[in-house]
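Accompanying notes for the structure given below.
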Amino acid sequence: MNPEHAPLIEMKNIEKHFGSVIALNGVSLEIYPGECHCLLGDNGAGKSTFIKTMSGVHKPTRGEILFEGKPMHFEDPRDAISAGIATVYQDLAMIPLMSVSRNFFMGNEPEKKFGPFKLFDHAYANEITMQEMRKMGINLRGPDQAVGTLSGGERQTVAIARAVHFGAKVLILDEPTSALGVRQTANVLATIDKVRKDGIAVVFITHNVRHALAVGDRFTVLNRGKTLGTAQRGQITPDELQDLMAGGQEMVALESSLGGTV
Amino acid sequence: MNPEHAPLIEMKNIEKHFGSVIALNGVSLEIYPGECHCLLGDNGAGKSTFIKTMSGVHKPTRGEILFEGKPMHFEDPRDAISAGIATVYQDLAMIPLMSVSRNFFMGNEPEKKFGPFKLFDHAYANEITMQEMRKMGINLRGPDQAVGTLSGGERQTVAIARAVHFGAKVLILDEPTSALGVRQTANVLATIDKVRKDGIAVVFITHNVRHALAVGDRFTVLNRGKTLGTAQRGQITPDELQDLMAGGQEMVALESSLGGTV
Amino acid sequence: ATASAEGERYVLVSHAPDSDSWWNTIKNGIALAGKQMNVEVEYRNPPTGDLADMARIIEQAAASSPNGIITTLADYDVLSGPIKAAVDSGVDVIIMNSGTPDQAREVGALMYVGQPEYDAGHAAGLRAKGDGVGSFLCVNHYISSPSSTERCQGFADGLGVELGNQMIDSGQDPAEIKNRVLAYLNSNPDTDAVLTLGPTSADPTLLALEENGMAGQIYFGTFDLGANIVEGIKAGTINWGIDQQPFLQAYLPVVVLTNYHRYGVLPGNNINSGPGFVTADGLEMVEKYAGEYR
Amino acid sequence: MSDTADAPASDERIKQTSALRKALIRPELGGICGTVIVFVLFAIFAGDSGMFSSQGVLNWSVVSAQFMIIAVGACLLMIAGEFDLSVGSMIGFAGMMIAIFTITLGWPVWQAILITFALCIAIGALNGIIVVRTGLPSFIVTLAFLFILRGFTIYLPQLIERKTIIGGIDKAAEGDWLAALFGGKILTGLFTWLGDAGIIAVFERGNRAGEPVVDGIPMLIVWALMLVVFGHFLLTRTKFGNWIFASGGDAQAARYVGVPVNRVKILMFMFTAFCACVFATCQVMEFGSAGADRGLLKEFEAIIAVVIGGALLTGGYGSVIGAALGALIFGVVQQGLFFANVESSLFRVFLGVILLFAVVLNTYIRRMITGER
Amino acid sequence: MSDTADAPASDERIKQTSALRKALIRPELGGICGTVIVFVLFAIFAGDSGMFSSQGVLNWSVVSAQFMIIAVGACLLMIAGEFDLSVGSMIGFAGMMIAIFTITLGWPVWQAILITFALCIAIGALNGIIVVRTGLPSFIVTLAFLFILRGFTIYLPQLIERKTIIGGIDKAAEGDWLAALFGGKILTGLFTWLGDAGIIAVFERGNRAGEPVVDGIPMLIVWALMLVVFGHFLLTRTKFGNWIFASGGDAQAARYVGVPVNRVKILMFMFTAFCACVFATCQVMEFGSAGADRGLLKEFEAIIAVVIGGALLTGGYGSVIGAALGALIFGVVQQGLFFANVESSLFRVFLGVILLFAVVLNTYIRRMITGER
Ligand SMILES: Nc1ncnc2c1ncn2[C@@H]1O[C@H](COP(=O)(O)OP(=O)(O)OP(=O)(O)O)[C@@H](O)[C@H]1O
Ligand SMILES: Nc1ncnc2c1ncn2[C@@H]1O[C@H](COP(=O)(O)OP(=O)(O)OP(=O)(O)O)[C@@H](O)[C@H]1O
Ligand SMILES: [Mg+2]
Ligand SMILES: [Mg+2]
């Protein structure tokens, strides 16, 4: 929101190679507190790879990451999480055989004292889970339902609710609304809006121009592993943005009946 | 398109229970040749379960399926496929370790004669794969690239291209555009349009009202395992449809900045 | 505990894994004795040949309060405790097959019937030395069991040579045994003798010797008889087989125990069932019953 | 936010399930049913064979306790998504190490035990590190260690002592404080009293005449119960337990949310090695000798007990109580077949059939829990 | 449709890879490297021990061929996503059945062999059907059959013949047309000629002096090569091969697109049983007897060979040629250690180390193929 502030995360010239594949070819980006930064681009442009270097899943082949001005070397996602980066991945991080509440608190288990021991506080976990899920518009049958029995959208909602609940300084969402229904999508967008107003930075990946324009403050478009530049809200029209997202290549000529509806 | 014709598939009062969970509670539907039938509804409404009973993955607990007027009992997807039903599932049917072209032709391997033997025709498979993928707007690095190294959207495109290529009388698409970029989405919608015009029935599941309105002829909305009814194109406004899709429950009150953009 | 009623129950516990074919003769021996004496007999063994499991089986046998237990003493340390406990709880015990008469006395057994492994190996070694053998190959197909090493060690000591690398761990697959023997003899062509520890290793070794043309040329001795071994002896390929007469090891204890329980009579000494060297002379009966009663 | 917050209980999309049925549906159910069936069967077919005399009970209890000790380790490791085929070889190796340290090197027994524990746990960690670093399946890595450890267990004593069995440890262990923790018995006073009071049988003759036939509870059983309680508590009541489930359910997903999956897995490999070492030490202290053939195939027995107890071979699901019941079933069946005087070569056939039966039952139960999958 | 159809070769997002490197990157590479390394090592350390004389070559070839026969079955099954721990027991069982049919029942040998094949393949199918129907992991189901089959192999001959080794089959098989297909040798004429011509060594002493040391190629080797060629062809060149890959890669996905996954898996279980049966028949015909202990641990050896050959334990990836090379490495190492006069109880240690080394190498290669994962 306030580019004059110091950036929370600075990614400088990130490159990432997988074997002989060059997934990222020098991408730079700054993320400021309290802004919703939309990361857009074609399929295979490198968006997921990029945010994975940010959240410690991949180590960049080349390039530098500054977190609050200091160089960061995340060894694994745990480091990123404890630094305050919460991420919802495109391939959801859910364990089908475990209950919803165990999944919700996975890695952040609430504990209560019991004599000299610290115990997992199941009662508290169950309560919070039901409550947070209800906030997102999902009525669970019970907190001990196995995640494997949820529908695709229900699972995605659990992942988002979890990240928001534990989110600290940066919240990264990789296509969070892709499998969501209308009502759940509205909820997620509203949640992004709320979180951002609390001063948390949000990185939001989507293929839906309208969703991006609804909550985004700045828009960075990736194309074939490179950035096509960053635009401020209001400096760009939806149509321009859509063209950029399509990778700069000319759009498929659609029937008139389909035109402009994507 | 022509409800006066005989329906291709008739689903009558389909119920499906998983253990104690009632996923479908009596859903009826007809699908006509040459129409694009949109299946809409909230997360967990039962859309995926419904189309899976249609494509032979699940057997309905109760209810009847008529295919071209005759009762059908699909034992497994193979039966449905040979009856002429091609499906793109929400959880994609791709094998990460196998090459794109082997995946593309999985279950429909082209063969050539070699003496007394029938051999897998790799050359032909590779050529067709590259060609079909290029049509969908994806430039593969090579037909022998492993699917595991493709991005989410790239994989989805392979699945759709495959179903279209082999599709016979009915093409079922479960949220095919959820992970797709703008350009790829446009391609898929155009493809649906083209396929429908060739007289093939399309069942299209989506959460995006605009995508549904762009190509749909009729719209059936599911809610909590039941159908809320079917509407013809033009008989319903986008706003009404969106309300129905949200499950009839009142929408979350969004900030004005977000209103109407979902 | 002298009772003259019939239908006494005796349990024989061995240390051999299920698949060891040599123990078959033992099973036949107790079965026959049981029938003849009109007593109930049972055979038990640890499925994998783990001696610690065998200790549990002896404890179990004692808990089922039979009239007597016949057991091997494959490892004194492991088995002496359970055997003593069985003796203490009033079960009569006879030690068979492995162990020594001294150890049998120490655990409180009535007597010992068998052939101490090391001694048997030693006797065989002395005999081979007399026949001019100076080096040998011991084909060990069950190396993890202590008695196998004792046989080889005894043979080496009887010859008066170091065992060293002359014992090979052959595994139990016939083709592998055959080819390992071939490989060893190929790279150590001046080996004087081959010693095998039972039919499992002897049969493939016979084939190996046939294949490399050393059959009948190389000195070949083996423990324990089997159909092929008897034929080898007959053909002159095998110089001798050490027969510890397992049939007697199983049959006699049942007879002794039954008579002891019915009439209170007991032999005054241990019984040595072997070693008896089976050579080409007088093979007829051996041939007929090899693998069954011999 | 604004929403009709209908309580989940009143959901129209769930069929009514009776409270009893709900209470029954848990991973241990298969184990519980199995235990009941097994005891009923043997009470009928072997009731008068001494199987339920005090001596008989001790007999199958000890065997079951042995299985339990390794099953607890195998269970937690399996839930964490890996398994260890080197358990059996580790048992042989640990026993042999204790023997070599005490007999050949002449160390005090407590020192030999401690060093052996350290060594085994280090090997367990090595197993884990290789699995985690290379991403290889644990089947392969631990299969390699199965061979390597067994090879050393056969080779070392032959090299050093020229035999494959080393005895005399019981004498060396007399009066050793640590050895008593593995080889002793507890409650000997109680059992003497029980024997005197005529409640349990006493020896009738021999040099122990008058002493009770069961003179105490072996430490082996105490260890087994302690490990079961510890494992169950760890798995269900702690944060670490949740991590174990998560690591086995989907390692990548767990890693994404910050569960230190590698650490969890390596620790579980170490715990399995620890359990194998407890098993080996108890055995060595009870029998006084170590042999190269100890522990053969124990890895399968551990895995079978765990699977009978309802755990999922692929990880992420299971229960320590279930594994303990699985070990109990296994022990009772194994010894019970002897009591029931079944032809011993048919033992394996029974074992196979029971295993199949148990897993099919468990699968059915798990399907009820998670809904049809 | 309308699109800039830039050829994939000119993609700016791919680093240049040399053609050589590309040609090398295949599942078999690990096996090829391993084979070269193993041969070089033994040429150095055991070159003068007779390992590479014609007799020596036959020696390790036969052992390798044995492994190959079961490795081909295990490989295809593993690529189809399952594995079979009952292979070893099946070998014992098949041999015993042939023996019982010929010796006890007095059937002609060809009939005994055919019925045994039918029986074993039926048991393989049963394995497969249970796995496919119940969705249980094949580890457990085949472990149960490991016990069941071994139990019968020990029990039946005892019951019928009062012994656990049944011999005399070689005599019964003399002149039998089918037996010759498993037990004979081919090219005997050629080898006699080679021996006479002085190209290969002849026996200098003993009762076969003058005959060539190698007098023909055993049918075992012929079977091994035939099975390898068949398996390789099936896997890479046919539609069914694609289905095998698909079933193992992701059964659900394959089912979705209409691959008859259940049929594929059951057929592969049957093929594995067939291979085990070939192994058993060759063995019985060569040695003339069947024993209850035949085939112990062969299941692991098959799996090890397949994994050394680059297949993925979890299915969906691998190569028959690789498995054959794995079997070759396994056989050469095993026999080579004897030629090199290495202390034989260390054999297991070597085996473990080589297994670890090979899989690490393979993983590295696979990562190169699929990109970093
Ligand atoms: N593990 C990997 N190994 C090899 N190549 C990879 C790997 N992961 C990603 N890639 C390649 O890197 C490129 C970028 O992938 P990425 O998943 O970042 O795309 P994306 O922008 O997230 O696309 P989408 O919108 O479809 O999710 C793709 O072309 C993909 O093929
Ligand atoms: N295998 C299963 N076992 C138990 N319950 C299931 C199973 N599959 C689906 N369900 C339940 O059935 C309901 C319908 O699921 P379904 O996947 O059909 O929803 P959907 O309409 O496709 O939702 P989405 O838009 O999120 O994909 C969900 O509530 C889900 O929890
Ligand atoms: Mg992505
Ligand atoms: Mg769905």
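Residue numbers start from 1 in every chain, and the chains themselves are labelled A, B, ... in the order their sequence lines are given, proteins ahead of strands. These numbers come from the heavy atoms of this one structure, side chains and all, not from hydrogens, waters or symmetry mates.
In this model, a donor atom of one side chain and an acceptor atom of the other lie less than 3.5 Å apart for D:R255 and D:N262.
For E:I148, the parts lying under 4.5 angstrom from a heavy atom of chain D are both the backbone and the side chain. Heavy-atom distances place both the backbone and the side chain of E:V360 under 4.5 Å from chain D. Using a 4.5 Å cut-off between heavy atoms, E:F357 makes no contact with chain D at all. Neither the backbone nor the side chain of E:L312 comes within contact range of chain D; no heavy atoms are under 4.5 Å apart.
Residues of residues 298-306 of chain E lying under 4.5 angstrom from chain D, judged on non-hydrogen atoms, are E:F300, E:I303, E:I304 by number. Among the residues in residues 138-145 of chain E, those with a non-hydrogen atom closer than 4.5 angstrom to a non-hydrogen atom of chain D are E:F139, E:I140, E:V141, E:L143, E:A144, E:F145.
Of all the listed residues (D:I130, D:V353, D:T314, D:L346), the one sharing the greatest number of non-hydrogen pairs under 4.5 Å with chain E is D:L346. Ranking D:L159, D:L85, D:L356, D:N362 against chain E, the residue ahead of the rest is D:L356, based on heavy-atom pairs under 4.5 Å.
No option in E:T272, E:I266, E:V131, E:V132 other than E:V131 meets the side chain to side chain contact (heavy atoms under 4.5 Å, CB included) test with E:E82.
In this structure the side chain of D:V349 never reaches within 4.5 angstrom of the side chain of E:Y155, judged on heavy atoms. The shortest distance between side-chain heavy atoms of D:V359 and E:T134 does not fall below 4.5 Å. Using a 4.5 Å cut-off on side-chain heavy atoms (C-beta onward), E:M268 and E:I79 make no contact. You'll find the side chain of E:D84 reaches within 4.5 Å of the side chain of E:L77, heavy atoms only. Taking 4.5 Å as the limit, every side-chain heavy atom of E:L355 sits out of range of all side-chain heavy atoms of E:L351. Between E:M96 and E:I154 the shortest side-chain heavy-atom distance does not fall below 4.5 Å.
Taking CD1 of E:I70 as the reference point, atom SG of E:C75 lies at 12.5 Å (rounded to 0.5 Å). Taken to the nearest 0.5 Å, the CG atom of D:L126 stands 12.5 Å off from the SG atom of D:C120. With rounding to the nearest 0.5 angstrom, the CD atom of E:Q334 is 10.5 Å from the CZ atom of E:R348. Atom-to-atom distance recorded for D:C33:SG and D:L361:CG is 5.5 Å, nearest 0.5 angstrom.
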